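Hydrogens, waters and symmetry mates are skipped; everything else that's a heavy atom, side chains included, is used. What you see is a predicted model; the values in this text were computed from it and never measured. Residues: numbered from 1 along the sequence shown.
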Amino acid sequence: MSELAVLVVDDDFMVARIHTQFVERTPGFRVVGVASTGQAALDDVARLRPDLVLLDVHLPDVTGIEVLRRLRAGGDDVGVLVVTAAREADTVRAAAAGGAAHYLVKPFDYDDLRVRLESFRAAHAALASGAPRQDDIDAVFGAAAPVAPAAPVPLPKGLSPETADAVESALLERGELSATECAEAVGISRVSARRYLEHFVARGSVSVRLQYGGAGRPERRYRRA
């Protein structure tokens, strides 16, 4: 199967660049264009004919939801992955009603996007034969067999329950922390603080967001899930 063409739509050039890098890091995908407004997105879809649009909701002229509605009203069934900071239920419902393949809340890590890109690619491939089997149809609609609840994630070797409790208490008290701030609050090294925080993320009790600033990598900030 050939590479899937992707159009990135975001009015923040730095975010658009990061999303472009994420897409091009994923095998089977290539970015064919970047748009910063809703009208530019509509024009680029018509001109470039991408397989998938990474569509932000907050655009300077019209919303991403309006872009999605206009695409569907015009009979365009291009795949759409909504990537946005918007968490409102009405926005999520509108994206689903417009036939968005996925909805991913910003900021996110590469793996968060990769999983959804691969899911879209699997669904795209499932329909390529023209006569999909039930398994292929399930892939398109996201059906899956029931999954047993995951077992609790034990503390990795070298991490102590006492320090883990101290890190959780710091998170509860401060609300949100970086690894550096956590290290200062608990009295441990930044590397150790990062290990505890990432363990809590893996366990599902802590969420992480990326805070974009100036030059360099975005800062990871942690809070209770």
Provide the closest heavy-atom pair for [X] versus [Y] in the form atom of the first, atom of the second, distance.
| X | Y | answer |
| --- | --- | --- |
| Val34 | Ala16 | CG1-CB, 4.0 Å |
| Glu181 | Glu176 | OE1-O, 4.2 Å |
| Ser2 | Arg121 | O-NH1, 3.4 Å |

Enter the distance from [X]:[atom1] to [Y]:[atom2] here, rounded to the nearest 0.5 Å.
| X | Y | atom1 | atom2 | answer |
| --- | --- | --- | --- | --- |
| Leu7 | Leu55 | CG | CG | 8.5 Å |
| Leu117 | Asp111 | CG | CG | 11.0 Å |
| Leu59 | Asp12 | CG | CG | 11.5 Å |
| Leu54 | Asp10 | CG | CG | 9.0 Å |
| Leu197 | Leu177 | CG | CG | 7.5 Å |

Inset, instruction - Determine, stepwise, if the pair Val105 / Arg209 fulfils side chain to side chain contact (heavy atoms under 4.5 Å, CB included). - result: CA-CA 10 Å; Val105 177; Arg209 70 177 182 87; over 6 Å; no
Common cluster, [X]/[Y], ILVMFWY with side-chain heavy-atom separation under 4.5 Å:
| X | Y | value |
| --- | --- | --- |
| Val15 | Leu81 | no |
| Val83 | Val32 | no |
| Val53 | Val31 | no |
| Val8 | Met14 | yes |

Distance-only criterion, 3.5 Å: show the donor-acceptor pairs between side-chain atoms of residues 40-52 and protein atoms not counting sequence neighbours.
from: Asp43; atom 1: OD1; to: Gln39; atom 2: NE2; distance (Å): 3.0
from: Asp44; atom 1: OD1; to: Arg47; atom 2: NH2; distance (Å): 2.9
from: Arg49; atom 1: NH1; to: Val45; atom 2: O; distance (Å): 3.2
from: Arg49; atom 1: NH1; to: Asp76; atom 2: OD2; distance (Å): 2.9
from: Arg49; atom 1: NH2; to: Asp76; atom 2: OD2; distance (Å): 3.3
from: Asp51; atom 1: OD2; to: Ala5; atom 2: N; distance (Å): 2.8

Inset, instruction - Take Phe29 and Leu4 through the side chain to side chain contact (heavy atoms under 4.5 Å, CB included) test and state the conclusion after the steps. - result: CA-CA 5 Å; Phe29 294 87; Leu4 299 183; 3.8 Å; yes
Inset, instruction - Would you indicate whether the side-chain heavy atoms of Val67 and Val9 approach each other to under 4.5 Å? - result: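 Val9 does not reach Val67 side chain to side chain.
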Legend entry - Pairwise salt bridge (Lys or Arg N to Asp or Glu O under 4.0 Å) hits with a residue in residues 183-196, at least two apart: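 Non-adjacent pairs meeting salt bridge (Lys or Arg N to Asp or Glu O under 4.0 Å): Arg194-Glu198.
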Strictly by side-chain hydrogen bond (donor to acceptor under 3.5 Å, both in side chains), give each pair with a member in [range] just once, sequence neighbours left out.
| range | value |
| --- | --- |
| residues 63-75 | Glu66-Arg70 |
| residues 79-91 | Asp90-Arg93 |
| residues 21-38 | Thr26-Tyr110 |

Inset, instruction - Quick one: list whatever passes ring pair (Phe, Tyr, Trp, His ring centres under 6.0 Å) with Phe108, sequence neighbours left out. - result: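 Counting only residues at least two positions away or on another chain, Phe108 forms a ring pair (Phe, Tyr, Trp, His ring centres under 6.0 Å) with His19.
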Please tabulate, for side-chain N and O atoms in residues 94-104, each donor-acceptor pair with protein atoms closer than 3.5 Å (sequence neighbours left out).
from: His102; atom 1: NE2; to: Ser119; atom 2: OG; distance (Å): 3.3
from: Tyr103; atom 1: OH; to: Ala86; atom 2: O; distance (Å): 2.7

Inset, instruction - Tell me, please, which residues at least two apart from Asp77 pass salt bridge (Lys or Arg N to Asp or Glu O under 4.0 Å). - result: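 Once residues adjacent in sequence are excluded, Asp77 has no partner under the salt bridge (Lys or Arg N to Asp or Glu O under 4.0 Å) criterion.
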Legend entry - Partners meeting side chain to side chain contact (heavy atoms under 4.5 Å, CB included) with Asp109 (sequence neighbours left out):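 Partners of Asp109 by the side chain to side chain contact (heavy atoms under 4.5 Å, CB included) criterion, ordered by chain and then number, come out as Asp112, Val208, Leu210, Arg220.
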Legend entry - Test side chain to side chain contact (heavy atoms under 4.5 Å, CB included) applied to Ile188 and Tyr196, step by step: CA-CA 11 Å; Ile188 56 178; Tyr196 282 98; 4.3 Å; yes
Please list every donor-acceptor pair under 3.5 Å in which a side-chain atom of residues 161-172 meets a protein atom from a residue at least two apart or in another chain.
from: Thr163; atom 1: OG1; to: Ser160; atom 2: OG; distance (Å): 2.8
from: Glu168; atom 1: OE2; to: Arg203; atom 2: NH2; distance (Å): 2.9
from: Ser169; atom 1: OG; to: Asp165; atom 2: O; distance (Å): 2.9

